[in-house]
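Taking it in order: structure first as structure tokens, then the write-up.
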Amino acid sequence: MIESRCGILCSECAYKEQVGCKGCLHIAKPFWGDNCPVKNSCESKEHQHCGQCGEFPCALLKQFAYDEKQGDGGKRIEQCKCWLQCT
């Protein structure tokens with residue numbers, strides 16, 4: 001089941017319950033700011049998740065995935081690959 005646009009597993013996110021986040025598939029605006037550029041890009045191309053994009057993994061997704069403070073070492077990129085195989 002696809003949980004996010006970028007490959008983050010919302011079911012494993014500590015903030016989900018803390019802030020009542022329903023995940024980017026079900027919200028217009030993320031709880032952490034005015035918008036999410038990854039979400040915006042994915043939705044503008046009418047993809048369910050980044051793995052469906054012809055530019056996958058793009059520089060923007062890599063920047064998020066490998067960010068020193070907020071990144072996950074590429075785990076979200078691997079998750080998008082998994083979702084792509086399942087859809």
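All values below come from the heavy atoms of this structure, side chains included, with hydrogens, waters and symmetry mates left out.
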Discussion item. If you define the side chain from C-beta out and look only at heavy atoms, does anything of K81 sit under 4.5 Å from L84?
Written reply: no
Discussion item. Could you check whether K75 pairs with E78 (Lys NZ or Arg NE/NH1/NH2 to Asp/Glu carboxylate O, under 4.0 Å)?
Written reply: no
Fill in: Heavy-atom pair of closest approach, residues C36 and P30
N-CG, 3.9 Å
Worksheet item: With a 4.5 Å heavy-atom cut-off, do L25 and S4 have their side chains touching?
Response: no
Fill in: Beyond-backbone contact of F64 with R76, side-chain heavy atoms, under 4.5 angstrom
yes
Worksheet item: Hey, is the main chain of Q48 close enough, under 3.5 Å, to the side chain of Q52 for a donor-acceptor pair?
Response: yes
Worksheet item: Could you state the interatomic distance from CD1 (I8) to SG (C24), rounded to the nearest 0.5 Å?
Response: 8.0 Å
Worksheet, complete the sentence: Taken to the nearest 0.5 Å, the spacing of K16 NZ from F31 CZ works out to 11.5 Å
Discussion item. Any side-chain to backbone donor/acceptor pair from H47 onto H49? Under 3.5 Å, distance only.
Written reply: no
Worksheet entry | Nearest heavy-atom neighbours spanning G23 and C10 | CA-SG, 4.0 Å
Worksheet item: Can you find a pair of side-chain heavy atoms, one from I77 and one from F56, that are under 4.5 Å apart?
Response: yes
Response to the item:
Those residues at least two apart in sequence (or on a different chain) that pass salt bridge (Lys or Arg N to Asp or Glu O under 4.0 Å) with E43 are R5, K39
Discussion item. Please check: side-chain N/O of S41 versus main-chain N/O of V38, any donor-acceptor pairing under 3.5 Å?
Written reply: no
Worksheet item: Which atom names give the shortest non-hydrogen contact between C6 and C50, and what distance separates them?
Response: CA-SG, 4.0 Å
Worksheet item: Counting only heavy atoms not in Y15, do more than 12 sit closer than 6.0 Å to its OH atom?
Response: no
Discussion item. As an exercise, state the distance from CD of E3 to CG of L9, rounded to the nearest 0.5 Å.
Written reply: 5.0 Å
